[in-house]
Amino acid sequence: RMLKGLTLQDGPLDLILTLDPPNPDGTQTAAIKTKDDPKRTRYKANIVFGDIPKGRAVPGPRTAAARWGGPDVATMYRKWLSHGPRFQTLTAITELSPGHVHGLARGTRPDQFVPVGDQRPWDFDPGLIDGLLQMVWIWSRAIQNASTLPLGITAVRRFAGDPLAGPLKAEAYITSPMENSEIVTQLYVYDATGALCYQLEAFRGQSSGALNRLGGGWQGGAPEQEIELETAT
């Protein structure tokens, strides 16, 4: 859950990460606070520790192909999204309809973000997971002419697929009504062999046309108010 959230204005923030003893259901509660305001929780999650499952989650409902004919991903990063180079993990949008959006993505490694002493891969890839959420932003911009920021998520599940074995296939299925400003989505990403890497259950985001001003808001971006769309089905 995102509670207060974090705002970066004058450089990095010193954070406090806490992990409580196990709960009766076997989860452990983690929380993020800032060092200058240690009483206010910014994010909270219940974590399940265990072996990575080799099975697959139930796949999302397939819909009739709706080929994407709008801007390419490079244009969407420049104009629609606000994510800098490290988080630009989408490589293509292939399908988009009122009920789903499909695309291609790539995984990241820790040394692309921070200097680390070894070459261990992520247990949970923040760049790739954020790329899945970016697909919801793209969907809302294309369908609603609005941008979407996160509210919360029921679960992020890691499976045995290899996020570095790309190209990765990313799928998002919108389960809320098309016109709702609170969007609920099920998301999946599969490696090049078809093995499931991640499942994001019931991601909730809030869309608003007022948030379109965030598009292109990074050093390489080029904000603009509108982009003409030409979609083909």
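The side-chain tip of Arg158 does not point at the ring of Phe124 from less than 6.0 angstrom away and within 45° of straight on.
Between the side chain of Asp191 and the backbone N or O of Gly194 there is at least one donor-acceptor pair closer than 3.5 Å. In this structure, the side chain of Gln112 engages the main chain of Arg109 through a donor-acceptor pair within 3.5 Å. Under the 3.5 Å distance criterion, the side-chain polar atoms of Gln28 are matched with a main-chain donor or acceptor of Asp20. Side-chain N or O atoms of Glu171 include none that pairs as donor or acceptor with a backbone N or O of Val189 at under 3.5 Å. The backbone N or O of Gly99 lies less than 3.5 Å from a partner atom in the side chain of Ser97, making a donor-acceptor pair. Panel note: side chain Glu201, backbone Val156; no donor-acceptor pair is recorded below 3.5 Å. The main-chain N or O of Leu104 is found under 3.5 Å from a side-chain atom of Thr91 such that the two form a donor-acceptor pair. At distances below 3.5 Å, at least one donor-acceptor pair connects side-chain atoms of Ser207 with backbone N or O atoms of Ser181.
Ion pairing of Arg67 with Glu95 is absent here, as no side-chain N (NZ or NE/NH1/NH2) approaches a carboxylate O to less than 4.0 Å.
Taking the six-membered ring for Trp, Phe87 and Tyr77 have ring centres at least 6.0 Å apart.
Here the straight-line distance linking atom CG of Leu90 with atom CZ of Arg106 works out to 8.5 Å at 0.5 Å rounding. Taken to the nearest 0.5 Å, the CZ atom of Arg1 stands 8.0 Å off from the CZ atom of Arg204.
Hydrophobic clustering (side-chain heavy atoms under 4.5 Å, transitive across Ile, Leu, Val, Met, Phe, Trp, Tyr) keeps Phe159 apart from Leu164.
Take Thr108 and apply the side-chain hydrogen bond (donor to acceptor under 3.5 Å, both in side chains) test, not counting sequence neighbours, and it matches Trp122, Asp125. Residues satisfying the ring pair (Phe, Tyr, Trp, His ring centres under 6.0 Å) criterion with Trp139, sequence neighbours excluded, are absent altogether.
Contact record, Arg42 with Asp37: NH2-OD2, 3.7 Å, taken as the closest heavy-atom pair. Across all non-hydrogen atoms, the minimal contact from Ala172 to His102 is N-CD2, 4.2 Å.
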Could you tabulate the donor-acceptor pairs under 3.5 Å formed by side-chain atoms of residues 147-155, not counting sequence neighbours?
unit_1	atom_1	unit_2	atom_2	d
Ser147	OG	Trp137	NE1	3.0
Ser147	OG	Asn212	OD1	2.6
Thr148	OG1	Ser140	OG	2.7

